[in-house]
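Working notes, structure below.
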Amino acid sequence: MRQLIIIGSGPAGLTAAIYAARANLEPLVVASSVDVGGELMNTTEVENYPGFPDGIQGPELMAKFQAQAEKFGAEILYDDAVELELDGPVKRVILGSGKVEEAEAVIFATGSAYRKIGIAGEERLSGHGVSWCATCDGFFFREQEIAVVGGGDSAMEEATFLTRFASKVYVIHRRDELRASKIMQERAFNNPKIEFVWNSEVVDILGEDAVTGVRLRSTIDGSERDLPLTGVFVAIGNDPRTHLVHGKLDLTSDGTIWVDGRSSRTTVPGVFAAGDVLDPTYRQAVTAAGSGTVAALDAEHFLAALDEAGAPVTSADEIGGRPQVDQPVA
Ligand code: NAP
């Protein structure tokens, strides 16, 4: 049996792997069957990760994380965790291949998934003009008129990137004020190919086999109109990816994994969480990396206590108890 399995290979998972590997825990990182690196693999330039004053491409940054983790002895596995058994001293991670890995401790760092608008045309035309990833699909929209839905940093980043290909990019936002940071707003405002459509919700995506337009509803007076275009990029935020632990770990009212105060300790001893999966607020690569550090250190202390006691800690109270605020919901 291993000492530690880390599920997830974004900045949180791979930073946890670097720390755990340096502590000789020889962690196994269940990275995903698709890609190592998490969400930053779908990003272009990362300008705000400290240590890279000239910026760095997301995939290049994550390759460096991976190389650093492997250098210290972390094992990266290209597979998905499909089921978890977390009760008791032996944690079992069932993989997509059918194989089962066992460990004394688990760090859960599965990040977050793109949020959907929740309208019928979105599912139906997904892959036929509806996308959640500009870097993956932008190329297909050369000289076309397309839209980005959302008003945060992701929407500004996607819209700005898409102007490399599209002839025009509408940014459709439900308010008249952006949530995005000032620098990202300015970049979008100054781009002549971007046009803002304020106070508007997308209530339908039109088209049979491919996107032909969107139906917009005014958030001011409820009036509706159709806007012809051939592509819709949805960038309205993310939700924590917690489906593997529903009913197994307590969640907060935000849907993130509940942890004990500033630690990474979940309600199950020996199970730790890190990154976007526990963070409804900051959600930056650098905060996820910091969170991965916390989880690795907590796991290291837990495993050291096991070694000393010769037996596992069996209740959350024995590892510090719960704070009085932000109680978990069932
Ligand atoms: P976000 O900051 O939560 O913004 C989501 C945007 O989508 C908001 O403008 C929100 O509108 C809108 N929205 C949410 N649900 C909607 C719905 N159902 N229909 C229509 N619009 C909806 O998410 P994000 O932009 O993905 O950013 C997440 C985090 O990552 C942030 O902390 C951000 O700073 C960070 N990030 C940073 C960078 C960078 O620094 N380069 C790039 C990308 C992301 P309201 O404003 O009305 O709520």
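Indexing begins at 1, ligand by ligand and atom by atom, following the structure's order.
Close contacts between ligand 1 and His173 involve ligand atoms 9 (O), 11 (O), 45 (P), 46 (O), 47 (O) [criterion: under 4.0 Å to a heavy atom]. Those atoms of ligand 1 that come under 4.0 Å of a heavy atom in Tyr282, given as number and element, are 32 (O). Using a 4.0 Å cut-off to heavy atoms of Asn238, the atoms of ligand 1 that qualify are 26 (O). The Gly151 neighbourhood of ligand 1 comprises atoms 6 (C), 7 (O), 8 (C), 9 (O), with distances under 4.0 Å to a heavy atom of that residue.
Side-chain N or O atoms of Asp276 include none that pairs as donor or acceptor with a backbone N or O of Asp279 at under 3.5 Å. Between the Glu102 side chain and the Lys91 main chain, no donor and acceptor come within less than 3.5 Å of each other. Side chain of His173 to main chain of Glu177: a donor-acceptor pair is present (N/O by atom type, distance under 3.5 Å, no hydrogens or angles).
No heavy atom of Glu47 sits closer than 4.0 Å to any atom of ligand 1. Remark: distances from the non-hydrogen atoms of Glu177 to ligand 1 are all 4.0 Å or more. Heavy-atom distances between Glu201 and ligand 1 stay at or above 4.0 Å for every pair.
Among all non-hydrogen protein atoms, the one lying nearest atom 17 (C) of ligand 1 is Arg174 NH1, 3.5 Å.
When all heavy atoms of Ala155 and Val148 are compared, the pair lying nearest together is O-CG1, 3.7 Å.
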Inset, instruction - Might you work through the side chain to side chain contact (heavy atoms under 4.5 Å, CB included) test for Lys71 and Gln68, ending with a clear yes or no? - result: CA-CA 5 Å; Lys71 174 179 151 187; Gln68 201 169 347; 5.5 Å; no
